[in-house]
Every structure is written in structure tokens, then in C-alpha cells.
Amino acid sequence: MKRDVKKIISQMTLEEKAGMCSGEDFWHLKSVERLGIPAVMVSDGPHGLRKQDQEADHLGQNESIKAVCFPTACATACSFDRELLQTLGETLGEECQAQDVSVILGPAVNIKRSPLCGRNFEYFSEDPYLASEMAAAHIKGVQSKNIGTSIKHFAANNQEYRRMSCSSEMDERTFREIYLGAFETAIKEGKPDTVMCSYNQINGEFASENHKLLTEILRDEWGFEGYVMSDWGAVNERVKGLAAGLDLEMPGSGGYTDKEIVEAVKNGTLDEQVLDTAVERILNIIFKYTDNRQPGRFDLAEDHKLAVRIAEESMVLLKNDGILPLKTEGQKIAFIGKFAKNPRFQGGGSSHINSFKVESALDAVKEYTEVTYAQGYDVKEDKIEEAMLKEAVETAKAADVAVIFAGLPDAFESEGYDREHMAMPNCQNILIEDILKVQPNVVVVLHNGSPVEMPWADQVKGILEAYLCGQGAGAAEAAILFGKVNPSGKLAETIPYKLSDNPSYLNFPGNGKTVEYKEGVFVGYRYYDTKEMPVRYPFGYGLSYTTFAYSDLQLSAKEIKDTDKLTVSLKVKNTGAVAGKEVVELYVADHTGAAFRPVKELKNFVKVELHPGEEKTVSMELNKRSFAWYNEEIHDWYAASGTYEILVGSSSRDIRLKEHVTVLSTTKIPMQIHMNTTISELLAEPKAKAVISDLVDKMMVNMGGGAEEGTAASEAITPEMTLKMMENSPLRSLRSFAGLSTEEVQSLIEKIQETVNE
């Protein structure tokens with residue numbers, strides 16, 4: 001049935017329209033029964049359905065329905081698998097239909113600026129391209145079932161400290177390339193029904209009141225057609241927010257802000273058409289859901305199997321000195337650590353799922369072999385329990401291999417606060433160190449939502465990064481440890497040696513009022529790789545039980561215009577003895593020198609499955625944005641003319657194949673000539689160079705470049721020195737070194753400007 005939404009709005013009272021712009025309660029939008037507008041429910045996500053019907057709250061303190069907890073975004077991003085994320089989305093969409101939930105809140109795509117952000121477990125990556133690709137696939141999956149998504153938190157919400165008031169301070173290029181970059185593709189291609197604005201301010205203005213963000217960029221530039229909702233309690237000034245493009249305030253305010261909207265319309269400070277537009281956006285999404293209801297499917301047992309499969313695809317094997325996979329026979333194996341029996345598989349806060357079933361590694365290992373077990377530590381507090389420690393050491397000593405399940409307890413990372421350090425609990429580090437004294441064959445399995453320091457990494461023989469991999473984490477861990485599944489995850493973030501290596505270290509989390517993003521675009525591997533800094537494990541890194549060879553890199557063209565697309569193809573071969581999947585990563589390096597950029601940036605990837613000896617050709621596409629940077633001078637994306645290097649590898653530090661392409665820009669950057677334009681800037685522009693070449697020669701002589709060879713003057717002022725001095729001189733220096741008057745310099749400027757504009 002086709003709804004005439006504008007007609008419905010025309011029949012609404014001013015109070016009813018204002019009421020549609022805030023929630024009825026924590027999870028429901030308001031209804032207008034006389035006009036057939038139903039109350040619909042939204043629910044937390046994005047890695048499971050946290051539906052609360054009774055005594056609802058935002059942070060998960062009260063019970064929600066039994067549901068499936070899928071792996072969190074910190075894990076799923078490591079799958080580098082768009083199809084897998086779409087499948088996850090489709091399943092969540094089915095569950096929402098079955099439970100009458102119209103919008104599931106997520107995915108969350110905020111950039112992992114610092115390892116300390118308490119909510120990093122909900123976020124995909126330090127890389128905006130990877131984050132946006134994963135989010136787009138997730139959104140497409142959910143919305144294919146006529147369920148809305150709410151991509152969040154828009155934007156620059158990269159810490160929990162003072163998140164409801166602190167201002168994220170950054171330049172336009174950084175904002176566009178990194179922090180908006182994570183949202184852009186997901187919104188343009190995924191087309192989420194809703195966008196959730198963040199709590200924080202951006203350069204002194206609340207996201208909920210930011211017209212440039214919510215209207216000019218989101219709607220006018222990116223073409224977003226849904227409604228913008230606030231994060232829960234993010235509204236500062238309601239009327240100002242509505243005018244900026246914030247349609248829905250969540251949760252309800254007890255009617256207070258509704259009255260503010262009514263009063264603003266009545267006194268003429270708010271155009272009623274702005275209110276009508278907001279209501280229309282909200283109603284369009286409400287009716288899109290109610291008019292396309294499906295039976296849905298809420299099969300907990302079947303969806304648990306998917307949770308396990310996603311976990312298997314997402315875990316990252318960080319180290320393997322021949323110890324894995326473990327043997328099912330003839331090997332005494334000890335499982336050590338509380339997380340073997342009670343795994344930490346999700347984070348705390350608004351996304352916390354009431355899992356109907358949790359499969360531990362200690363349960364799952366029974367399918368493979370018998371193991372001994374010792375708890376080793378507790379998670380209630382970071383305290384060494386001598387009896388537990390002694391039992392664990394003895395258990396490990398009596399085995400052939402000790403597998404230690406370690407990581408961060410719930411209290412170490414959660415929504416609402418940031419971590420204070422990057423260390424694991426001291427009691428766990430001591431446990432690992434003491435076991436290493438009696439047992440050389442140690443594997444560590446990590447449960448954490450963000451990188452941890454690993455002082456024992458060089459001594460253990462294996463490390464499996466399980467992240468927070470959902471309720472099936474234990475089953476997936478066992479499958480990988482015993483080789484039933486070949487690990488294929490790659491790190492979606494860099495693991496540095498220590499916290500102080502992180503580029504945001506000196507500026508995170510700010511003074512409580514502002515936080516300065518002084519590292520600019522050099523976030524994560526963009527910083528570490530450009531600085532050539534040693535890291536524990538680089539972005540994109542992950543091991544396999546087999547090996548892969550890359551060959552025959554081909555480009556569809558050696559020279560393209562920036563409006564063209566470039567196809568990159570190569571062959572990948574499984575050169576090992578077992579089947580496996582490889583993530584092939586495509587980076588681009590800008591060698592034009594037009595801007596200071598990272599040494600390489602991820603611009604595409606593909607995951608390929610290969611049997612032993614099998615070889616496949618994979619192809620990836622690059623477009624203008626693959627080469628471009630955000631030019632603040634023209635306020636647009638710009639790919640400068642020149643040479644770019646195409647890099648294909650298995651991680652950001654393992655580049656296997658290289659090729660070059662020339663890009664010709666179709667965008668001309670307008671050159672504004674003035675008294676302080678430097679000679680070097682003019683020499684770089686052919687038309688300008690032709691005008692000033694004679695004057696440059698004269699300047700060289702007058703600056704000492706003409707001194708006779710062998711004289712004291714020639715030794716004091718070398719030609720190289722003179723050249724650099726001349727190049728760095730502004731046009732006004734022509735008065736001193738070329739004998740021109742101010743009027744003559746100004747006339748020259750006009751001539752140069754006219755020439756370059758021709």
C-alpha cells in the first residue's frame with residue numbers, strides 16, 4: 001500500500017508533529033492512532049538483538065530477551081569478508097522481523113584512534129576504508145530484510161571520557177579523510193534508514209546541532225534520505241538541533257523538548273516546514289517497516305552455528321612456531337585460565353547481549369581430545385591467588401603443551417569509560433611468565449576488545465587473537481587450535497609494542513573540554529608505517545596453516561585520468577598442504593609530492609579460498625578516491641597528476657608485488673599569486689616559470705650565486721645554498737634581490753596571474 005505521508009502530516013496537529021520528533025520511552029517511537037501511525041520499536045545491536053520490553057534502560061543493566069551474541073566488530077572486521085558481514089546482517093534482520101523490531105542500532109564505525117577507547121570493541125578498524133566497507137555490507141544485509149539500521153556515532157566519537165560534552169578538534173582534511181571517511185561509503189552504498197549522531201562536539205559545536213554535518217554533508221553531499229536520531233541523551237538545544245537536521249530525539253524527554261518545538265513554531269523562530277520535513281522522514285521509515293512486515297526467523301540454535309562460523313573466520317593467528325595445530329592424539333594438553341571455562345566474548349554497555357548459550361573452549365575441546373584444566377587467575381580483581389597460580393603451573397608442567405586463555409576482564413573495557421593503560425592484568429602476565437619457566441610449549445589465546453601489551457610474546461610459541469568473538473568463541477577457538485579450521489583473519493588494527501608508541505598518545509583524551517587530533521591523518525598504520533616504527537604486529541597481519549604465493553600483477557592501464565577506473569589483477573596460489581583463505585590487500589602510495597601523505601593507504605581487498613596447489617586470479621578496482629586526498633583549498637577530493645605506486649601484500653608490512661600508474665588530474669587547482677607566493681611555487685607551474693625565468697637568473701647573481709669560483713665568497717655561499725634561498729624567497733624579495741619597485745612587483749603578480757589563468 002502506498003502511503004500519502006504528506007497528507008497524513010497535513011492532518012496532524014502541531015503538538016502531534018512535535019511529539020513524533022522524540023521517543024515515547026527508551027525504545028519506542030510515538031504513535032498517532034487516529035491517523036494510523038503505529039508505535040514502532042528500535043533496539044540495540046549491532047552484533048545481536050538486545051531487545052528490552054520491561055524496565056528498559058540504555059546501558060544494559062536490566063534483562064533483555066535471550067538472543068544470539070555474534071562476534072563484535074573488533075573481531076568481524078578481521079574477517080575482511082564483505083559477504084560474511086552481509087550474511088550476519090541478513091540474520092539480524094530476520095531476528096528483528098521475528099521480534100517486531102523496526103530498527104537495530106548499529107553498526108558503529110568510529111575510528112580506533114587510540115587503543116584506550118573503552119568502546120573500541122564495538123568499532124571496526126583504525127582504517128576508514130575497511131570500516132566503511134564492513135559497515136556497508138552489514139547494512140545491506142540487515143536492510144534486505146526490511147529492517148532499518150542506524151549507523152553510529154556520527155561523528156568523531158573516539159573516546160568515552162567526557163563524551164557527552166568534550167569537543168573533538170581537528171582540521172577539515174583529517175575530518176574528511178579519516179573520521180567521516182569511515183561513514184561515507186557505508187552511507188552512500190549501504191543507504192541506512194537512520195543515522196545516529198554522536199554526543200560530542202566537533203570543533204566547538206555539538207554534533208546534534210551541526211548543520212554542516214547533518215545537512216550539508218550527510219544529506220546534500222552524500223544523498224542520505226532517512227532520518228537522523230540522537231544518541232541517547234545527546235540533545236543539547238532541541239530547536240537548534242531540529243533546524244540543523246536532527247529529526248528524532250531519543251529517548252523521550254517527558255514532553256519538555258516537544259513543547260520547545262511547539263513554542264518555537266508559534267513564535268516564528270522555527271519554520272514549521274522544517275518540522276514537517278523531519279516528521280516526513282520519520283514516518284517514511286516507520287511505514288517502510290510496517291508496510292513490509294515479514295514473518296522473520298528467530299532460530300537460536302541455527303544462528304548460534306553462524307556465530308561460530310563468523311568467529312572462525314575472524315580470529316587472527318599472530319604467532320605459530322610450529323606448535324599449532326595441536327594433536328588430537330599422543331599429546332598431553334593443559335588448558336589454563338578462567339577464560340577457557342568462562343570466556344569473555346562481548347563488551348559491556350548498550351550492546352551487551354543476553355546470550356541463550358555460551359560455548360567455552362573447555363566444553364568444545366571434548367570433541368577433539370581430553371585436556372587437563374586449571375583456573376590460574378580470577379577476574380574479580382587483579383590479584384595473584386597463590387594456590388591457583390601454583391595449581392596452574394603444576395598442571396602446565398605435567399603437560400606437553402599449555403594453552404593459556406587470557407585477556408581483559410569486563411572491568412577493563414566498557415562503554416562509559418576508557419582504559420587507563422594497555423596492559424593485561426598483572427596476575428595474568430605473571431601466570432604466563434611462571435608457566436614459561438616450567439613449560440616451553442605455550443600457546444596464548446587472547447580475549448580482548450582492543451590491543452594489549454605482550455611482554456611474553458617472544459617467549460611463547462603461539463598466539464591466537466580471539467578478540468571478543470561472541471557466544472561461539474570457545475567452539476571456534478578449539479576448531480582453530482586443532483586444525484579443523486584454518487585461521488584466515490587479519491588484523492584490522494595495528495598492535496604496537498607499547499601505548500606511548502601510539503600517534504594520539506600525547507593528546508588522548510584531552511583536558512575534558514577539548515581533545516586535539518594533532519596527529520592529523522596519521523592514524524594507526526598510516527603513522528607507524530610512515531615513521532618506519534617497529535610494531536608488535538602490523539595492520540593487515542595474520543598467519544595461516546598454509547602458505548600463499550602472489551604473482552603476475554597486472555594493471556588495466558599504465559596511465560589513466562582521475563575520472564577513469566583502474567582494474568588491478570594478480571594470481572594467488574596456495575603453496576602449502578592444507579586448504580585456506582588469504583586476504584589480499586591493495587594499497588596505494590602517492591609519489592606526486594603534491595601533499596604530505598602516509599606512505600601507503602588501503603584502498604581495496606579481497607578474500608580468496610584456495611585448495612592445496614590451487615591458483616586463482618583475483619581482481620580489484622580503484623577509482624579517483626583511491627588516489628585522492630582532501631584538498632582544503634578547493635574543499636574537495638583531489639588526485640594530483642603524477643605517479644602512484646600500486647602495492648599488493650599480505651599486510652601493510654608485507655608487500656609482495658608492486659607496479660606504477662600515472663594519473664592525470666582533470667581538476668585544476670586555482671593558483672592565487674600574491675606578495676608572499678614563493679619562487680619555488682611559481683617554478684612548479686610551467687606558465688608562471690616562463691614569466692619569471694629571467695628574474696630568477698638575476699636573483700641568483702644578486703644573492704651571491706655569481707661569486708667567482710675559489711674565492712672566499714664562493715666558499716661561504718655555494719650555488720646550492722643560493723638556489724635554495726632563492727626558491728624559498730617570496731615575490732616581495734624581488735625588491736631586494738632583483739631591483740624591482742613595489743609597483744613593479746605588483747604589476748608582475750598581475751601578469752603571472754593572468755598567464756596561469758589562461
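By convention here, the first residue in the shown sequence is residue 1. These numbers come from the heavy atoms of this one structure, side chains and all, not from hydrogens, waters or symmetry mates.
Ring-plane geometry between F596 and F522 is classed as tilted, the angle between the planes lying from 30 to 60 degrees on a 0 to 90 degree scale. Under the 30°/60° scheme for interplanar angles, the aromatic rings of Y525 and F539 are found to lie parallel.
Using a 4.0 Å cut-off between a side-chain N of Lys or Arg and a carboxylate O of Asp or Glu, D418 and R119 do not qualify as a salt bridge. The pair E632-R176 does not count as a salt bridge, with every side-chain nitrogen at least 4.0 angstrom from each carboxylate oxygen. Between R219 and D247 there is a salt bridge, with a side-chain nitrogen of the basic residue lying less than 4.0 Å from a carboxylate oxygen of the acidic one. Between E313 and R309 there is no salt bridge, since no side-chain nitrogen of the basic residue lies less than 4.0 Å from a carboxylate oxygen of the acidic one. Look at E659 and K558 and you find a salt bridge, because one of the NZ, NE, NH1 or NH2 atoms lies within 4.0 Å of a carboxylate O, short of that distance. Ion pairing between a basic and an acidic side chain is recognised when a charged N comes within 4.0 Å of a carboxylate O; D529 and K531 show no such pairing.
Taking the six-membered ring where the residue is Trp, the centroids of F206 and Y199 are separated by 6.0 Å or more. Between Y587 and Y644, a ring centre-to-centre spacing not shorter than 6.0 Å is recorded. Residues Y541 and Y537 bring their aromatic ring centres within 6.0 Å.
Nearest approach of S650 to E582, heavy atoms of both residues: OG-OE2, 3.0 Å. Between P451 and P496, the closest heavy-atom pair is CB-CD, 4.4 Å.
Side chains of Y630 and E172: a donor-acceptor N/O pair is present below 3.5 angstrom, by distance only. Between the side chains of D193 and Y227, no donor-acceptor pair of N or O atoms lies under 3.5 Å. If you check the side chains of E90 and T87, you find no donor sitting under 3.5 Å from an acceptor. Side-chain N/O atoms of Y179 and T174 include no donor and acceptor closer than 3.5 Å. With no hydrogens or angles considered, no side-chain donor-acceptor pair links E519 and N502 at under 3.5 Å. Using a 3.5 Å distance cut-off with no hydrogens or angles, the side chains of N507 and S504 do not pair a donor with an acceptor. With hydrogens and angles left out, the side-chain atoms of N120 and S450 include a donor and acceptor closer than 3.5 Å. Between the side chains of T194 and S150, a donor-acceptor pair is found at a separation under 3.5 Å. Side-chain contact of Q143 with T149: a donor-acceptor pair under 3.5 Å is present, judged by distance alone. Judged by distance alone, the side chains of K600 and S652 never bring a donor and an acceptor atom under 3.5 Å apart. In summary, the side chains of D552 and Q554 do present a donor paired with an acceptor at a separation below 3.5 Å, with no hydrogens or angles considered.
When atom types are taken as modelled, the side chain of S198 and the backbone of F154 share a donor-acceptor pair closer than 3.5 angstrom. In this structure, N676 contributes its side chain and T678 its backbone to no donor-acceptor pair below 3.5 Å. Distance alone, capped at 3.5 Å, places no donor-acceptor pair between the K152 side chain and the D231 backbone.
Counting non-hydrogen atoms of other residues, nucleotides and ligands closer than 6.0 Å to NZ of K518 gives a total of 12 or fewer. When the shell of 6.0 Å around NZ of K573 is examined, it contains 12 or fewer heavy atoms from other residues, nucleotides or ligands.
Looking at L566, T662, L622, L664 one by one, the single match for side-chain contact (heavy atoms from CB on, under 4.5 Å) with I560 turns out to be L566.
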| Y638 and D562: CA distance, side-chain angles, deciding distance, side-chain hydrogen bond (donor to acceptor under 3.5 Å, both in side chains) verdict | CA-CA 9 Å; Y638 177 65; D562 62 4; over 6 Å; no

| task | Run the numbers on R163 and E415 for salt bridge (Lys or Arg N to Asp or Glu O under 4.0 Å), then give the verdict. | result | CA-CA 10 Å; R163 64 176 177 169; E415 179 178 357; 3.1 Å; yes

| task | Starting from the C-alpha separation in whole Å, work towards a yes-or-no answer on side-chain contact (heavy atoms from CB on, under 4.5 Å) for R653 and Y528. | result | CA-CA 10 Å; R653 296 280 176 99; Y528 298 115; 3.7 Å; yes

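For residues 132-142, every residue pair satisfying the side-chain hydrogen bond (donor to acceptor under 3.5 Å, both in side chains) rule, not counting sequence neighbours, is listed here: R82-E133.
Proximity of E685 to T677: side-chain heavy atoms (C-beta onward) are nowhere separated by under 4.5 Å.
Looking at residues two or more places apart in sequence or on another chain, you find a ring-ring contact (aromatic ring centres under 6.0 Å, His included) between F80 and F605.
A cation-pi arrangement is absent between R536 and Y497, since the terminal nitrogen or guanidinium carbon is not both under 6.0 Å from the aromatic centre and inside a 45° cone about the axis.
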